[in-house]
Number of protein chains: 2
Amino acid sequence: MNEGAAGASVEQVLDLFDGVRLTPTQRRIAHCLVQHAPAVAYLSAAEVAELAGVSQPSVTRFAVALGHDGYPALRRRLRDLTIATPTGSADGGNELQQAVRAEMGNLDRLAAQLADRDRIAETGRLLAESRPLPVLGLRAAAPLAAYFAYFAAKVHPDVRVLDDGGSLLTDRLEQAAEAGASAVLAFVLPRYPRETLDALRDARAAGLTVVAITDSPVSPATEHAHVVLPAAVGAQLVFDLHTAPMTLAMVLLQAICDAAPADTQRRLEAFEASAARRQLFLG
Amino acid sequence: MNEGAAGASVEQVLDLFDGVRLTPTQRRIAHCLVQHAPAVAYLSAAEVAELAGVSQPSVTRFAVALGHDGYPALRRRLRDLTIATPTGSADGGNELQQAVRAEMGNLDRLAAQLADRDRIAETGRLLAESRPLPVLGLRAAAPLAAYFAYFAAKVHPDVRVLDDGGSLLTDRLEQAAEAGASAVLAFVLPRYPRETLDALRDARAAGLTVVAITDSPVSPATEHAHVVLPAAVGAQLVFDLHTAPMTLAMVLLQAICDAAPADTQRRLEAFEASAARRQLFLG
DNA sequence: TGCCGACTGAAAGTTTTGATGCATAGAGTC
DNA sequence: GACTCTATGCATCAAAACTTTCAGTCGGCA
């Protein structure tokens, strides 16, 4: 992946001046442009003028001299240079490729957010300690809950998937709390089924700590959850793409494993032995 | 670019919302802010308004609600956040971040592979024509099958999820073929449950065209499938990450929709009407 | 059912920002 | 040494952006 935006743009900013004869004042402005490369794209003509120690009209004339319609046009150009240098293979391609690349963007933001390991580690401990561990996901989020639970069950002795709604849902939540659960993991994704939010409220009322994986830090889940873990949902195709929430779920599961490495190891080995005996898999 | 800057700012953008009660419209704006984090710092109030689908005054009010003097003040704040953040975060980072970035690599390869639209479009037609359409995924792949089927059912009149194994599985495959199915979509992921491959063989014997989404062009699925769509599985964490197969599944679903746009539109509208009537979702 | 309050968008009003005409200063030329 | 041409800043005007006001709508509540 390419360099920082600043580095790339200095080169390109220079290209803007190519072959154009500049007056001394304009040269000063140009110099100022390269020097404050990224910031200038935000400034008004008057601000650039002050920065360069020239008059505001000179900045306008400078923009025109470079062949633009006016100062705003030049600034737009600068913005494009500093911002629109996207990851590697550029944008474009067909609409399917664009959707996939947008999804990469979602993952990148997720990665940035994971710089702080402590937060996720603590949430992992929280969930690891809950016996049983209810995992809630309705409608579109149900598969994600099942996916998480499938793997989680290999390292946690009592994972309970709650993936159908109706009145039984609250029963199950309360039963889990009764059986000793201290936390619940919920997947709350667009379009936010009403049932899901009701269930969150019930879970909270039952004394459970609510951990929500949801699509945005300002999703409807925030007001019902104790811990909110955001991961964007892709919306470029006809239907939503849940790759970032899925990734976050597995990262969280990793944190759960890390919370009790010895237990995890023991349980995984037990599963392997069983799988081998039953010849579940190829190879 | 790398999204280093963008990613970091998303975190900080959130701090701006802290503790403030937002109206639905303002929530939309907030959502739009996080989503287009870096670019918004350049936009005028009216542009943000259009992006968020609200009126321009609402954007001003949003800025004031957050405690600023006006929209320009909020934008200045955003600029400071996006600029002051060192571009940072190339490769490296902690192991969680590395895993997520590896997943981005998988998606990138998937995107490259989608340059050829025709192949996926043809496969989409193949599946769209099958009535019913059986979707097979066992064990770890079961949630993916369910996820695909959940959405596919909104645009296809008869989707049948086959996600538990046992002897009934083959019964169901044969029943689907009997009922008129011409193709089957199968998710074949590591660790390749024996049952899954047996089912593929049976499906083929029943005269179904087998489309397999699998983790590699040389996976065990290839010898039983007519069409093989590969998408890598992430293996950096304790458990497998299925984001690329998930993405491929949704791309394939898009192709299915494109195969019969009118039908798709009609069915989606019918669902929307029903959802609205039943008040399934928030908003 | 009717009132009340909150939210939202349209439109008018205000401020900020950018463009242009004009006058001045300096360099080069005859 | 005077003329001319270019470059530059000041002042002004036009346009855009932002804020405020106002009226309509929706949901909650008596």
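In the text below, chain A, chain B and the rest are named by the order of the sequence lines, each starting its count at 1. All values reported here derive from a predicted model rather than from experimental measurement.
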With a 3.5 Å cut-off and no angle check, do the side chains of [X] and [Y] form a donor-acceptor pair?
X: Arg77(B); Y: His68(B); result: yes
X: Thr23(A); Y: Arg27(A); result: no
X: Ser219(A); Y: Thr214(A); result: yes

Item to complete: Could you tell me whether Arg75(B) contacts a base, only the sugar-phosphate backbone, or nothing, with contacts defined as non-hydrogen atoms closer than 4.0 Å?
Response: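 Here Arg75(B) touches the backbone only, sparing every base.
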Discussion item. Over all strands shown, is Thr60(B) touching base, sugar-phosphate only, or nothing at heavy-atom distances under 4.0 angstrom?
Written reply: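 Base contact - Thr60(B) has a heavy atom under 4.0 Å of at least one base atom.
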Fill in: Contacts of type side-chain contact (heavy atoms from CB on, under 4.5 Å), residue Glu122(A), not counting sequence neighbours
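Applying side-chain contact (heavy atoms from CB on, under 4.5 Å) to Glu122(A) gives Arg125(A).
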Worksheet item: Val238(A): what forms a side-chain contact (heavy atoms from CB on, under 4.5 Å) with it, not counting sequence neighbours?
Response: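 Per chain and number, Val238(A) pairs via side-chain contact (heavy atoms from CB on, under 4.5 Å) with Gln254(B), Cys257(B), Leu268(B).
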Worksheet item: Where does the chain B footprint on DNA chain C start and end, counting 5' to 3' with a 4.0 Å heavy-atom cut-off?
Response: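 Span of nucleotides near chain B: dC7(C) to dA11(C).
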Worksheet entry | For chain A, the stretch of DNA chain D it reaches, first to last nucleotide, under 4.0 Å of its heavy atoms |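 Endpoints of the contacted stretch of DNA chain D: dA7(D) to dA11(D).
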Practice prompt. Start with the C-alpha gap between Phe187(A) and Leu138(A), add the side-chain angles, then the distance that decides, and say whether side-chain contact (heavy atoms from CB on, under 4.5 Å) holds.
Written response: CA-CA 8 Å; Phe187(A) 292 87; Leu138(A) 300 183; over 6 Å; no
Discussion item. For a side-chain contact (heavy atoms from CB on, under 4.5 Å) check, start with the C-alpha distance between Leu189(A) and Leu144(A), then their side-chain angles and the critical distance, and finish with the verdict.
Written reply: CA-CA 10 Å; Leu189(A) 302 178; Leu144(A) 221 44; 3.9 Å; yes
Worksheet item: Going by heavy atoms closer than 4.0 Å, what residues in residues 46-55 of chain A are next to DNA chain C?
Response: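 Contacts with DNA chain C under 4.0 Å: Ala46(A).
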Worksheet item: Is there a side-chain contact (heavy atoms from CB on, under 4.5 Å) between Leu229(A) and Val211(A) once you walk through the steps?
Response: CA-CA 8 Å; Leu229(A) 300 174; Val211(A) 176; 4.1 Å; yes
Discussion item. Rounded to the nearest 0.5 Å, what separates atom CE in Met250(B) from atom CD in Glu103(A)?
Written reply: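 Between Met250(B) CE and Glu103(A) CD, I get 10.5 Å after rounding to 0.5 Å.
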Worksheet item: Per the end-axis method with five pairs at each terminus, what is the bend angle of the helix from dT1(C)-dA30(D) to dC30(C)-dG1(D), to 10°?
Response: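 For the helix from dT1(C)-dA30(D) to dC30(C)-dG1(D), the axes at either end differ by 0°.
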Look at [X] together with [Y] and state whether they make a salt bridge at an N to O cut-off of under 4.0 Å.
X: Glu95(A); Y: Arg117(B); result: yes
X: Arg172(A); Y: Asp164(A); result: yes
X: Arg139(A); Y: Asp163(A); result: no

Fill in: Along DNA chain C (nearest heavy atom to each residue), the more 5'-positioned of Pro24(B) and Val64(A)
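So the residue in question is Pro24(B).
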Item to complete: Check the pair His242(A) / Asp240(A) against side-chain contact (heavy atoms from CB on, under 4.5 Å), numbers first and verdict last.
Response: CA-CA 6 Å; His242(A) 294 173; Asp240(A) 286 349; 3.8 Å; yes
